[in-house]
Amino acid sequence: MRLATWNVNSIRIRADRVAAFLQRHDVDVLALQETKCRDDQFPEMVFSPLGYEVAHVGHSQWNGVAILSRVGLDDVEIGFPGMPSWSSKEGMDPAPEARALGATCGGVRVWSLYVPNGRTLADPHLQYKLEWLEALRVTAGGWLAAEPEAPIALVGDWNIAPQDDDVWDMSVFAHSTHVSPPERAAFQGVVDAGFADVVRPLAPGPGVYTYWDYTQLRFPRREGMRIDFVLGSPAFAGRVTGALIDREERKGKGASDHAPVIVDLADRP
């Protein structure tokens with residue numbers, strides 16, 4: 001089975017590009033983040049003729065996550081237990097955001113995750129991000145405690161560069177989110193709960209990134225960050241036979257600012 005994750009940065013303007021990617025790489029399951037549309041706006045008609053079922057949750061022009069699968073799409077779950085809520089405006093009650101979607105695809109439990117950005121080190125959104133990751137750690141760790149042999153993939157845009165090699169110049173980010181010790185500790189907490197980064201051993205750095213800002217010629221200057229990951233449970237990680245980051249998808253007109261991350265799994269024993 002071939003599984004991919006991609007922060008597409010608006011599915012409606014990139015649907016044809018995503019469809020071409022699916023065909024070119026023969027992808028079985030694709031997790032998308034930052035779809036930026038409501039459920040009724042998702043261009044499912046582009047993917048259904050290609051044999052993909054679609055699950056999506058999105059509330060507006062922000063956030064949004066989806067899973068496309070041609071190997072089954074069962075037990076769809078919006079949000080994980082304990083996922084924190086957020087209020088975008090003062091005086092409004094917090095509400096769950098469209099940041100997590102789970103489904104069982106070909107026997108693998110796949111979670112498409114769009115971790116909160118954090119914004120700045122002084123912004124309340126950073127505390128929300130840390131609480132969100134802690135809730136994920138607790139819940140995902142509980143899944144493994146209950147079923148140690150479950151193949152589970154936590155995939156998506158984590159908005160964290162967990163190692164210095166994951167940014168093009170650490171001095172540029174010295175006072176920024178994505179690399180702060182609390183964020184890196186939160187990422188490591190999910191790893192310690194039993195979910196290994198299955199891509200890094202097969203696509204080591206430095207200079208290997210998944211995101212390049214649109215501004216200041218970051219992409220042609222190779223000034224990027226690795227913030228998109230596939231974290232797998234032991235049963236999932238043990239089946240990984242290959243992994244790659246498709247940097248070519250960041251090129252050309254109409255590209256997302258993220259590149260897809262792809263992993264190959266051996267058949268179940």
Side-chain angles (χ1 to χ4, degrees), residues 1-8 11 18 22 27-35 37-48 50-59 63-85 95-115 132-133 135-158 190 193-196 198 228-240 261-269:
M1 185 169 82
R2 174 162 276 194
L3 180 150
T5 180
W6 192 2
N7 179 322
V8 73
I11 185 61
V18 172
L22 290 169
V27 172
D28 296 300
V29 181
L30 174 62
L32 295 173
Q33 301 85 42
E34 208 170 357
T35 56
C37 67
R38 301 187 309 268
D39 292 347
D40 63 309
Q41 296 172 317
F42 192 93
E44 187 172 347
M45 74 293 295
V46 175
F47 306 106
S48 296
L50 302 178
Y52 292 89
E53 298 178 81
V54 176
H56 176 261
V57 58
H59 306 311
N63 307 327
V65 284
I67 299 173
L68 283 59
S69 174
R70 64 180 186 185
V71 292
L73 190 70
D74 302 310
D75 303 321
V76 175
E77 187 175 357
I78 297 173
F80 54 84
M83 188 178 80
S85 298
E97 294 188 302
R99 292 188 177 274
L101 183 70
T104 301
C105 308
V108 175
R109 189 65 177 169
V110 178
W111 279 91
S112 181
L113 304 173
Y114 183 35
V115 176
W132 201 96
L133 287 162
L136 176 64
R137 182 194 69 80
V138 171
T139 298
W143 294 332
L144 279 186
E147 196 175 352
E149 298 304 313
I152 306 171
L154 309 178
V155 311
D157 178 358
W158 292 75
V190 178
F195 294 88
V198 301
D228 302 83
F229 295 92
V230 176
L231 302 189
S233 66
F236 179 92
R239 290 170 53 189
V240 173
V261 181
I262 305 168
V263 296
D264 290 315
L265 298 181
D267 292 337
R268 284 174 288 180

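Note that the coordinates shown come from a computational prediction; the quantities given were computed from them, not determined experimentally.
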Please enumerate all residues that pass side chain to side chain contact (heavy atoms under 4.5 Å, CB included) together with Pro148, with sequence neighbours excluded.
none
With sequence neighbours left out, write down each residue that passes ring-ring contact (aromatic ring centres under 6.0 Å, His included) with Phe47, or none if nothing qualifies.
none
Please report the shortest heavy-atom distance between Gly58 and Asp39, naming the atom on each side.
N-OD1, 2.9 Å
Smallest heavy-atom separation, Ala31 atom then Val155 atom, equals CB-CG2, 3.5 Å
Partners passing side chain to side chain contact (heavy atoms under 4.5 Å, CB included) against Ala235 (at least two apart in sequence or in another chain)
Pro151, Ser233
Closest contact, heavy atoms only, Trp132 versus Ala100:
CZ2-CB, 4.2 Å
Evaluate the side chain to side chain contact (heavy atoms under 4.5 Å, CB included) criterion for residues Val29 and Val108: first the C-alpha distance (whole Å), next the side-chain angles of each, then the deciding distance (0.1 Å), finally the verdict.
CA-CA 10 Å; Val29 181; Val108 175; over 6 Å; no
Qualifying residues under ring-ring contact (aromatic ring centres under 6.0 Å, His included), relative to Phe42, sequence neighbours excluded
His56
Separation between CG of Leu231 and CH2 of Trp158, rounded to the nearest 0.5 Å:
4.5 Å
Hey, are Asp28 and Arg70 close enough for a salt bridge, meaning a charged N less than 4.0 Å from a carboxylate O?
yes
Step by step, work out the side chain to side chain contact (heavy atoms under 4.5 Å, CB included) result for Val65 and Leu32.
CA-CA 6 Å; Val65 284; Leu32 295 173; over 6 Å; no
Which residue pairs pass the salt bridge (charged side-chain N to carboxylate O under 4.0 Å, His left out) test with at least one member in residues 101-112, sequence neighbours excluded?
Glu77-Arg109
So, for Leu73 and Ala55, which heavy atoms are closest and what is the spacing to 0.1 Å?
CD2-N, 3.5 Å
Please check this pair: side chain of Arg137 against backbone of Val190, looking for a donor-acceptor N/O pair closer than 3.5 Å.
no
Those residues at least two apart in sequence (or on a different chain) that pass side chain to side chain contact (heavy atoms under 4.5 Å, CB included) with Ala135 are Phe80, Pro84
Pairwise distance CD1(Ile78) to CZ(Arg99) - rounded to 0.5 angstrom
15.5 Å
Point-to-point distance, once rounded to the nearest 0.5 Å, from CD1 of Ile152 to CD of Glu147:
7.0 Å
How long is the span from the OH atom in Tyr52 to the CD1 atom in Ile67, to the nearest 0.5 Å?
14.0 Å
Kindly compute the distance separating CG (Leu113) from CG (Asn7), expressed to the nearest 0.5 Å.
12.0 Å
Smallest heavy-atom separation, Val198 atom then Gly232 atom, equals CG1-N, 4.1 Å
Identify which one of Ile11, Val261, Val18, Asp157 satisfies the side chain to side chain contact (heavy atoms under 4.5 Å, CB included) criterion when paired with Trp6.
Val18
Rounded to the nearest 0.5 Å, what separation is found between the SG atom of Cys37 and the CG atom of Asn63?
11.5 Å
Where do Ser112 and Ala66 come nearest, in terms of heavy atoms and distance?
OG-O, 3.4 Å
Side-chain contact, heavy-atom cut-off 4.5 Å: Val240 with Leu265?
yes
